[in-house]
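For reference, the structure is listed below as structure tokens.
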Amino acid sequence: MEPKKFKPTTQQMEDGPERLNKIMVELEKLYPDAKCALVYKNPLELMIATILSAQCTDVRVNIVTKDLFKKYHKAKDFAEVEIGELEEMVKPTGFYRNKAKNIKAACIVIQEKYKGKVPGTLEELVELPGVGRKTANVVLGNAFDVPGITTDTHVIRLSRLMGLSSNTDPVRLEYDLMDIVPQKQWTKFSHMMIYHGRNICNARKPDCDNCSLRKHCSFGLETE
DNA sequence: CTCCCGATAT
DNA sequence: ATATCAGGAG
């Protein structure tokens with residue numbers, strides 16, 4: 001029988017809060033100024049930018065919204081927009097028919113039900129067309145200072161690689177992370193994970209050799 | 001589960 | 001050519 005090669009597992013590392021704490025310390029060192037990368041001036045612009053960010057880089061969203069927010073300002077403007085015109089403007093972000101339709105529909109609701117102001121609770125936000133839990137948490141965390149963990153593609157991927165949770169379902173993962181991350185850090189944690197997911201631990205080729213989280217990461221240890 | 005979908009890196 | 005990008009709805 002072949003001697004088993006040593007492969008560290010999540011159980012063999014520091015587990016639970018202790019390991020997460022070390023990851024948080026490293027993340028804080030790497031990204032002390034981590035914040036929302038989307039450019040916006042108010043909750044409405046952030047909501048729209050976040051809807052546009054689905055399956056699209058924030059860099060491209062910011063290019064599109066630069067012109068978009070120059071042309072339209074209030075919820076009323078988007079509620080009354082010519083849909084074809086909006087489609088053309090958001091086309092580079094992909095899914096442009098859905099996104100244009102959702103932005104217009106959401107702004108109609110905001111205009112009629114909320115007097116033009118974006119609502120500030122999770123329950124109200126997720127009722128808006130095109131606004132799911134992730135988008136709602138981005139708006140709450142950055143425009144309303146309500147702590148929230150955004151389980152986007154980066155947070156899901158890194159959480160799995162780091163062994164922070166076995167759940168890949170966004171909602172279950174969100175609750176798992178809320179259990180182990182201090183509530184005051186929820187929004188910042190999301191931003192730091194996203195920065196790291198872009199800079200080092202990207203999906204195509206995670207750069208473990210240059211990752212200072214490697215010794216606290218189940219994937220990093222297993223691929224040493 | 002599938003569909004929506006353009007732009008870029010590999 | 002294929003995978004991926006701050007997802008959401010049916």
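Order of the sequence lines sets the chain letters (A, B, ...), proteins ahead of strands, with each chain counted from 1. The shown structure was predicted, so the numbers you read here are calculated from the model rather than taken from an experiment.
Counting to the nearest Å, the C1' atom of C/dT2 and the NZ atom of A/Lys205 are 18 Å from each other. One can place NZ of A/Lys99 at 9 Å from P of C/dG7, the figure rounded to the nearest angstrom. A straight line from CD of A/Glu127 to C1' of C/dA9 spans 13 Å, rounded to a whole angstrom. Rounded to whole Å, atom P of C/dG8 lies 13 Å from atom CG of A/Asp169. Atom NZ in A/Lys134 sits roughly 11 Å away from atom C1' in C/dC5 (whole-Å rounding). In this structure, A/His154 atom NE2 and C/dT4 atom P are separated by 12 Å, rounded to whole Å. Rounded to an integer number of Å, the gap from A/Ile149 CD1 to C/dA6 P is 19 Å. In this structure, CD1 of A/Ile103 is placed 13 Å from P of C/dA9, rounded to the nearest angstrom.
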(message) Assess the residue pair A/Phe78 and A/Leu68 against the criterion (side chain to side chain contact (heavy atoms under 4.5 Å, CB included)); give the C-alpha distance rounded to whole Å, side-chain angles, the decisive distance to 0.1 Å, and a yes or no.
(response) CA-CA 10 Å; A/Phe78 287 98; A/Leu68 192 65; 4.0 Å; yes
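If you walk DNA chain B from 5' to 3' and mark each nucleotide with an atom closer than 4.0 Å to a heavy atom of chain A, the marks span B/dC4 to B/dT10.
Against DNA chain C, the stretch residues 40-66 of chain A makes heavy-atom approaches under 4.0 Å through A/Ser53, A/Ala54, A/Gln55, A/Cys56, A/Thr57, A/Asp58. Residues from residues 195-203 of chain A lying near DNA chain C, meaning a heavy-atom separation below 4.0 Å, are A/Arg198, A/Ala203 in numerical order.
Mapping A/Gly130 and A/Cys36 onto DNA chain C by nearest heavy atom places A/Cys36 closer to the 5' end of the strand. Each of A/Val131 and A/Ser190 was matched to the nucleotide of DNA chain C holding its nearest heavy atom; the match closer to the 5' end belongs to A/Ser190. Both A/Lys91 and A/Arg204 lie close to DNA chain B; mapped to their nearest nucleotides by heavy-atom distance, the more 5′-ward contact belongs to A/Lys91.
Two residues are said to be in side-chain contact when any heavy atoms from C-beta on lie closer than 4.5 Å; A/Met193 and A/Ser159 meet this criterion. In this structure the side chain of A/Met47 reaches within 4.5 angstrom of the side chain of A/Leu44, judged on heavy atoms. Here the side chains of A/Glu87 and A/Arg97 are in contact, with some heavy-atom distance below 4.5 Å. In this structure, the side chains of A/Leu173 and A/Thr168 stay at 4.5 Å or more apart for every pair of heavy atoms.
Applying the under-4.5 Å side-chain rule to Ile, Leu, Val, Met, Phe, Trp and Tyr, the cluster around A/Leu161 extends to A/Phe219.
At the heavy-atom level, A/Phe95 lies under 4.0 Å from base atoms of the strands shown. Note on A/Leu128: only backbone sugar-phosphate atoms sit closer than 4.0 angstrom, heavy atoms only; bases stay farther off. In this structure, A/Thr135 reaches the sugar-phosphate backbone alone: every heavy-atom distance under 4.0 Å involves primed, P, OP1 or OP2 atoms, never a base.
Using modelled atom types and a 3.5 Å distance limit, the side chains of A/His191 and A/Tyr31 yield no donor-acceptor pair. Remark: the A/Tyr72 side chain and the A/Glu85 side chain contain an N/O donor-acceptor pair separated by less than 3.5 Å.
Judged by distance alone, the side chain of A/Asp58 and the main-chain N or O of A/Leu38 form no donor-acceptor pair under 3.5 Å.
Using a 4.0 Å cut-off, some side-chain N or O of A/Arg157 falls inside it from OP1 or OP2 of C/dC5. For C/dA6, the OP1/OP2 oxygens have no side-chain nitrogen or oxygen of A/Thr150 closer than 4.0 Å.
Interatomic distance, A/Ile194 CD1 to A/Thr150 OG1, rounded to the nearest 0.5 Å: 4.0 Å.
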Expected list for residues 125-140 of chain A: side-chain donor-acceptor pairs under 3.5 angstrom, two or more places apart:
residue  : atom : partner  : partner atom : Å
A/Arg133 : NE   : A/Glu174 : OE1          : 2.6
A/Arg133 : NE   : A/Glu174 : OE2          : 3.3
A/Arg133 : NH2  : A/Glu174 : OE2          : 3.1
A/Lys134 : NZ   : A/Ser53  : OG           : 3.4
A/Asn137 : ND2  : A/Arg133 : O            : 3.4
A/Asn137 : ND2  : A/Ile149 : O            : 3.2
A/Asn137 : ND2  : A/Glu174 : OE2          : 3.3

Could you go through residues 113-124 of chain A and list every donor-acceptor pair under 3.5 Å that involves a side-chain atom there, pairing it with any protein atom two or more places apart or in another chain?
residue  : atom : partner  : partner atom : Å
A/Thr121 : OG1  : A/Glu124 : N            : 3.2
A/Thr121 : OG1  : A/Glu124 : OE1          : 2.8

